Participant: 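Questions regarding the structure given below will be posed in turn.
Values reported hereafter were calculated over all heavy atoms of this structure, with side chains retained and with hydrogens, waters and symmetry mates removed. Numbers here simply count residues along the sequence, with the first being 1. Just so it is clear, the structure is predicted and the values come from calculations on it, not from any experiment.
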Amino acid sequence: MTPCSASLARTTPEARGRDVCSWAVARVASWAPEEAGSNRLELGHSTVNVASCRIAEKTGFALEGVRRQALLHADGWHDMHLHSRIHKA
């Protein structure tokens, strides 16, 4: 199996609060192991983004740690939470 990578971007303001992102993450998380053979999925977000952290937890991603100053945003460097979900066969 060839390793692969995919990304989901944030949703539009109109979609916020409507579980669109939770739905998308849950769909990818259930599709990836079955169809793409993925064993490990990772989800990352800024530590100040509480909503993204809730989505990760809600969709079965465990918090593994913090990647310090890992991503440059418009307002400066952000620490990033790293969550993962392991496929259980």
Participant: According to the ring pair (Phe, Tyr, Trp, His ring centres under 6.0 Å) rule, which pairs have a member within residues 32-51, sequence neighbours left out?
Facilitator: His45-His81, His45-His83
Participant: Please write out which residues are connected to Val66 in a hydrophobic cluster, directly or through intermediates, given that two of Ile, Leu, Val, Met, Phe, Trp, Tyr count as joined at side-chain heavy-atom separations below 4.5 angstrom.
Facilitator: none
Participant: List the residues meeting side chain to side chain donor-acceptor pair (under 3.5 Å) with Ser22, not counting sequence neighbours, and say none if there are none.
Facilitator: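 Applying side chain to side chain donor-acceptor pair (under 3.5 Å) to Ser22 gives none.
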Participant: Quick one: list whatever passes salt bridge (charged side-chain N to carboxylate O under 4.0 Å, His left out) with Glu64, sequence neighbours left out.
Facilitator: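 Once residues adjacent in sequence are excluded, the partners of Glu64 under the salt bridge (charged side-chain N to carboxylate O under 4.0 Å, His left out) criterion are Arg40.
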Participant: To check you understand the geometry: which heavy-atom pair defines the closest contact between Ser38 and His87, and what is its length?
Facilitator: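 Taking Ser38 first and His87 second, the nearest heavy atoms are O-CB, 3.8 Å.
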Participant: Checking one residue: Met80. Which other hydrophobic residues are in its cluster under the side-chain 4.5 Å linking rule?
Facilitator: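 Taking Ile, Leu, Val, Met, Phe, Trp and Tyr as members, Met80 shares its hydrophobic cluster with Leu71.
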Participant: Taking salt bridge (charged side-chain N to carboxylate O under 4.0 Å, His left out) as the test, write out the residues that go with Asp79, two or more places apart.
Facilitator: none
Participant: Quick one: pull up CG in Leu43 and OG in Ser52 and give me the separation to the nearest 0.5 Å.
Facilitator: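 Going from the CG atom of Leu43 to the OG atom of Ser52 covers 7.5 Å.
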Participant: Which ILVMFWY residues are connected to Trp77, directly or by a chain of links, through side-chain heavy atoms under 4.5 Å apart?
Facilitator: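 For the cluster that includes Trp77, the remaining residues are Leu72.
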Participant: Applying ring pair (Phe, Tyr, Trp, His ring centres under 6.0 Å) as the test, list every pair that has at least one member in residues 51-71; sequence neighbours left out.
Facilitator: none
Participant: Show every side-chain hydrogen bond (donor to acceptor under 3.5 Å, both in side chains) that has at least one partner inside residues 54-63, sequence neighbours left out.
Facilitator: Asp19-Lys58
Participant: Calculate, to the nearest 0.5 Å, the distance between atoms CH2 and CG belonging to Trp31 and Leu41 respectively.
Facilitator: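 Trp31 CH2 to Leu41 CG: 9.5 Å, rounded to 0.5 Å.
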Participant: Once rounded to the nearest 0.5 Å, what's the spacing between atom CZ of Arg68 and atom OG1 of Thr47?
Facilitator: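 Nearest 0.5 Å value for the CZ-OG1 distance: 11.0 Å.
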Participant: Applying side chain to side chain donor-acceptor pair (under 3.5 Å), can you list everything that pairs with Ser30, at least two apart in sequence or on another chain?
Facilitator: none
